Each structure stands twice: as structure tokens, then as C-alpha cells.
Amino acid sequence: VPDNLGCLPLVLVGSGSRRTYGRVPGARHRTARRSACAGILIRKRRLTYRSGVGDVFKALADPTRRTILDELAERNGQTLFELCSRLATKHQLGSSRQAISQHLAVLEDAGLVETRKEGRYKFHDFRTEPLENIAERWLEPRRREDS
Amino acid sequence: MRITLTSVLVDDQAKALRFYTDVLGFAKKTDIPLGEHRWLTVVSPDSPDGPELVLEPDEHPAARPFKDALVRDGIPFTSFAVDDVHAEFARLTARGVRFTQEPTSMGPVTTAVLDDTCGNLIQIAHQESAS
């Protein structure tokens, strides 16, 4: 074990590689995708799926974003720094902070993550409602049939 | 070449001295008046001749936007070594210290992040024993 790990935060402060900036899968054309998928939703579902269920699937399609949700499921209310540290140290995901920030924007756009400002801090929370909507759409009718 | 000083940029030196000594437990080493501000350093009581932490005024116009941006993303300004992050978390929380990250195992280290009340987040860390 190297003995310089106390320097971890400073490494991350300086880890702003821009190479991946803007190349996060699903991070582009969010508005266009949202309006496209809103059109295919049946009418009574529109309110429930206001954030666009297609966005949820796109958001979940990326393994890094699923790992972000895994970590938020373990502890809600994390700063960007904590999430980046967890991804780097527990999952060897050395993505730049900008890339993680973009992944979070995709998750937030899909309603899976909510940011919460508390004074000068910003925390990220996992919202499970979009997943519950998916379960309600396909699992609830089957459960009703079964009962 | 040796590292003898490192700085933390604080919004109020008197408040910083209280926090870094009374709350965190460092000891004052140097306190020299320099006009409006002071040359003010603290050391770990475990190594009084070791590296000194300068409690440096953050008056430069670039300092506060920089500090605010780090705080917003939860990024600590620097990191201190402790024997047991969980014990320090309990001790400091009882003294009213605000943590933005509770003790978390990050592979070979356990870390937590606290607010120094002077505009910075500070990480505390210990390494998992090799045994």
C-alpha cells in the first residue's frame, strides 16, 4: 500500500482531464430525446412519466451511471467529491470529475438523481420514483392478474 | 529540499486559530503580528517540530471564488492524518463540527470530510492497517 494516499483529494482536485468532457454516452441531445419519448407515452401515463421513461433507460444503459446509483443507494446525500472518490477507489473508474458531473446530469435529467443545495454544499440524492413507475407499468398489471 | 510549511486559506485568523486549536487539537507555534494580519502557524502536538500549517488570510480576490467552488463540489482543501477516522468523527461531531462526508472506506484508506468554519473542507484519513 503506498503511503501517500493522504494526498488523495489533491489528486482529484487536479484530475480535470478534459478528454472525456462532452463524450459521456447519453449526455447530448437530452431535450430532443425527452420530447420524442413523451409522444409515445399513452395519455394516462403522461403525468407519471413526466420526466420521460426513455430517459430512464438511457440513463441506466451506462455502466458508470449504474455504479453511481449503486454508490448512492449505499449512502444518499453525497458530494461530487465523495462520488468521484468512491468510483476511483472502489471501482477503479478514473473518469474525470467533469465526466462524472455529466453522468450525474443525465441521471438528474431522468429523475433518478436529485441535487440538494444546503448552504454552500451540494449533495446528490437517489430518487427511485422512475424505477417504481417502471415496475408499476409492467409488474403491477401482472400482479393484479395473479391475485 | 524539505517541506516545512503548508497553508490553508482562512476568512478570519482569530476564528481559525480557535477552530484549529480548540476543536481540531493542533497547537499554536508562531504568532507574529504583520500589520492587519498575523504570521500564524499551528503544529500537531505529536510533532511540534514537524510541518507547520499556516493559517493564511484569504483576502486575494481569487481566493474566495476558488474556495467556494471547491466547497460546492465537496472537495477538501487538504487532508490530515488521524489514527481512527471513526473516533475523530464521533469526537468532532459531538463538538458541533459539520461533516459533508461521513467516514467512508475508500479502498486502502478510510476518509471523512469536515467543514473548518473558515471556508474550507478538510479531509481526515487513516490507512487500513497492513496487518
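These numbers come from the heavy atoms of this one structure, side chains and all, not from hydrogens, waters or symmetry mates. If you're wondering where the values come from, they're calculated on a predicted model, not measured in any experiment. A note on names: the letters A, B, ... follow the listed sequences, proteins ahead of strands, and every chain is numbered from 1.
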- Does the side chain to side chain donor-acceptor pair (under 3.5 Å) test come out yes or no for B/Gln101 and A/Thr79, once each step is laid out? CA-CA 8 Å; B/Gln101 182 204 301; A/Thr79 62; 5.5 Å; no
- Query: Under a 4.5 Å heavy-atom cut-off, does chain A meet the side chain of B/Ile124, its backbone, both or neither?
  - Reply: neither
- Message: Using a 3.5 Å distance criterion without hydrogens, assess whether the side chain of B/Gln13 forms a donor-acceptor pair with backbone atoms of B/Leu55.
- Response: yes
- Query: Out of A/Gln78, A/Glu118, A/Arg120, which one racks up the most heavy-atom pairs below 4.5 Å with chain B?
  - Reply: A/Arg120
- Walk me through it: do A/Glu114 and A/Arg116 pass the test salt bridge (Lys or Arg N to Asp or Glu O under 4.0 Å)? CA-CA 6 Å; A/Glu114 200 166 58; A/Arg116 172 166 49 89; over 6 Å; no
- Task: Measure distances from A/Lys122 to the heavy atoms of chain B and classify the residue's part below 4.5 Å as side chain, backbone, both or neither.
- Result: both
- Query: If you round to the nearest 0.5 Å, how far is CZ of B/Phe66 from CG of B/Asp58?
  - Reply: 11.5 Å
